[in-house]
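Beneath this line is the structure, given in structure tokens, with notes to follow.
We name chains A, B, ... by the order of the sequence lines, and we start the count at 1 in each one.
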2 protein chains.
Amino acid sequence: MNGSTAHPAARISTAAGIPASANLRKGDVTPATGRRRRGRPAKLSRPAIFAAAIALIDRDGPSALTMRALATVLGVEAMSLYRHVAGKDALLDGVAEQLMSEIEPRGASADWTVAVHGFASSVRGLARNHPQAFTLVALRALDSASALQPVEDLLASLRGAGFTRQRSVAAYRVIAAYTLGYVLSEIAGFTFSEDVASLARRAGRFPTIRALSRQLAQAPTNTSFRAGLETIISGLRAELEH
Amino acid sequence: MNGSTAHPAARISTAAGIPASANLRKGDVTPATGRRRRGRPAKLSRPAIFAAAIALIDRDGPSALTMRALATVLGVEAMSLYRHVAGKDALLDGVAEQLMSEIEPRGASADWTVAVHGFASSVRGLARNHPQAFTLVALRALDSASALQPVEDLLASLRGAGFTRQRSVAAYRVIAAYTLGYVLSEIAGFTFSEDVASLARRAGRFPTIRALSRQLAQAPTNTSFRAGLETIISGLRAELEH
DNA sequence: ACCTGAACACCGTTCAAGT
DNA sequence: ACCTGAACACCGTTCAAGT
């Protein structure tokens with residue numbers, strides 16, 4: 001497809017312009033303890049590696065994330081990465097965790113419907129900031145503190161609003177499943193391209209799809225995402241009041 | 001991690017035991033026309049290739065699907081595959097389409113809630129039959145007839161039940177998003193492993209997660225999937241009757 | 001302490017050649 | 001008409017070696 005002959009890694013390095021150390025928050029390189037460093041100072045750090053990996057995926061897609069390409073971007077040889085991450089799988093775990101940490105905590109809300117919208121918007125916002133990386137990472141178990149905080153906030157609001165333990169978890173799962181599915185569909189083009197209508201026409205079947213082709217072709221919006229959430233909230237409210 | 005030194009392809013071939021031609025339905029090799037075959041008879045066919053690919057993924061995971069491994073399983077050299085599929089990406093498109101064709105049509109239902117459950121069960125059933133292949137394929141645009149039929153049936157039922165055009169499409173999207181998200185979460189272990197509770201305990205935060213750890217650890221079931229669907233149906237019914 | 005060179009066993013894909 | 005051999009430009013990962 002992309003028949004470009006040469007795509008020199010050096011160019012990536014320049015273009016990506018990874019702010020190698022600029023991305024680091026203070027204290028990232030060394031643990032909180034002021035332990036004395038000896039020997040050669042480290043050129044690499046885990047957060048710098050993960051940040052560069054996310055930038056690489058966002059720019060060129062998941063398949064561009066290669067140990068070798070990542071190393072080039074960081075101005076280092078591929079093998080040096082293995083000092084800091086166990087392998088490619090561990091790299092992806094780190095990427096997932098660093099992505100989740102971008103979600104800023106909202107705190108528990110007294111109104112559970114606000115909490116639902118807050119949770120869903122956080123996830124969707126992350127996906128919109130990093131569509132490519134999100135797909136890579138959406139299916140990895142989230143066992144980091146930053147991934148758990150939004151869940152904690154949502155569950156706390158549901159419990160506080162009077163949902164039983166069982167119903168709180170059930171509600172969480174419905175909301176999380178809808179949000180994940182919606183966001184992934186959005187990234188994939190919502191499974192309906194403009195030419196689905198023409199396929200339906202060619203096939204001479206699917207009269208309803210043909211009749212609804214204008215509506216189906218409409219790109220999902222902020223509004224339609226929230227509307228779907230309201231449908232679910234309405235169903236949950238009925239259970240709560242029952 | 002898996003430090004096994006040698007994993008000879010020949011062994012895969014034996015172990016996988018792909019029923020190379022047994023998987024073929026009659027008429028798969030040649031188009032319906034009784035066109036005369038000349039030259040060397042084909043050892044390969046697109047359906048046989050896709051079936052073997054699905055079997056390989058189901059057995060050994062998405063990363064085991066390699067042009068070379070697939071060829072070995074089919075008793076052929078890797079380059080022979082390029083006679084039948086344009087490349088690996090086209091192979092994955094074919095795998096996606098062949099998977100979707102496993103869904104057996106249910107026909108439109110007079111009761112729209114039956115149609116909702118039917119659609120969702122079809123998708124979930126496919127995911128349970130091919131959990132590994134499903135993840136690989138869930139995000140590819142579905143533009144084949146067999147992928148469109150379940151959508152047509154659901155939309156037709158919704159329209160027939162009195163949903164407006166806009167509301168029918170909106171309802172479809174909520175249902176599809178929930179189903180996709182639920183099913184992918186299920187495959188990924190529903191993002192909550194048993195040790196999330198212990199992580200929450202170690203972190204000394206997340207009191208609600210800790211309090212709900214038993215409920216959160218419960219594996220999703222047929223029943224809980226349908227219960228979530230009922231929540232959504234209840235929300236949709238309110239809109240319909242409004 | 002941290003990074004590198006060389007090597008190994010893989011990939012997808014091409015092209016000209018075999019039958 | 002269909003399949004193959006040899007080759008190219010990649011992968012992830014190891015290990016012993018450099019500074």
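- In this structure, A:H84 reaches the C:dC3 phosphate: one of its side-chain N or O atoms is under 4.0 Å from OP1 or OP2.
- The side chain of B:S80 lies closest to D:dT4, out of D:dT4, C:dA6, C:dC3.
- Residues A:T179 and A:R124 bring no donor and acceptor atom of their side chains to less than 3.5 Å of each other.
- Between B:D89 and B:R140 there is a salt bridge, with a side-chain nitrogen of the basic residue lying less than 4.0 Å from a carboxylate oxygen of the acidic one.
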Between N or O atoms, less than 3.5 Å apart, protein on one side and nucleotides 8-12 of chain D on the other: list the pairs.
residue, atom, partner, partner atom, Å
D:dG12, OP1, A:M67, N, 3.0
D:dG12, OP1, A:K88, NZ, 3.3
D:dG12, OP2, A:M67, N, 3.0
D:dG12, N7, A:R68, NH1, 2.3
D:dG12, O6, A:R68, NH1, 3.1

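- Donor-acceptor pairing under 3.5 Å is recorded for the side chains of B:S122 and B:R106.
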Side-chain atoms of residues 147-155 of chain A: list all donor-acceptor pairs with protein atoms under 3.5 Å, sequence neighbours left out, distances to 0.1 Å.
residue, atom, partner, partner atom, Å
A:Q149, OE1, B:R205, NH1, 3.3
A:Q149, NE2, A:D153, OD1, 3.0
A:E152, OE1, B:T208, N, 3.2
A:E152, OE1, B:I209, N, 2.9
A:E152, OE2, B:T208, N, 3.0
A:E152, OE2, B:T208, OG1, 2.7
A:D153, OD2, A:G107, N, 3.4

Q) Which dot-bracket notation, 5' to 3', represents the base pairing of DNA chain C when pairs are defined as Watson-Crick or G-U with both distances under 3.5 Å, crossing pairs as [ ], and inter-strand pairs as |? A) ||.|||||...|||||.||

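- For B:L44, the side-chain atoms get nearest to D:dC3 when compared with the rest of D:dC3, C:dT13, C:dC3.
- Nearest-nucleotide positions on DNA chain C place A:L81 closer to the 5' end than the other of B:A78 and A:L81.
- Distance CG (A:L70) to C1' (D:dT13): 15 Å, rounded to an integer number of Å.
- The OG1 atom of B:T66 lies 7.5 Å from the CG atom of B:L56; values are rounded to the nearest 0.5 Å.
- Going from atom CD of A:E77 over to atom C1' of C:dT4 covers 6 Å, rounded to whole Å.
- Ion pair B:E186/B:R128 flagged as a salt bridge, since at least one NZ, NE, NH1 or NH2 atom sits closer than 4.0 Å to an Asp/Glu carboxylate oxygen.
- Nearest heavy-atom pair across A:L91 and A:I49 is CD1-CG2, 3.7 Å.
- Between C:dT4, D:dC3, D:dA6, one nucleotide has an atom nearer to the side chain of B:M79 than all others, and that is D:dA6.
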Q: Take B:Y182 and B:F225, measure what ring pair (Phe, Tyr, Trp, His ring centres under 6.0 Å) needs, and give me the verdict at the end.
A: CA-CA 8 Å; B:Y182 191 97; B:F225 176 66; 4.9 Å; yes

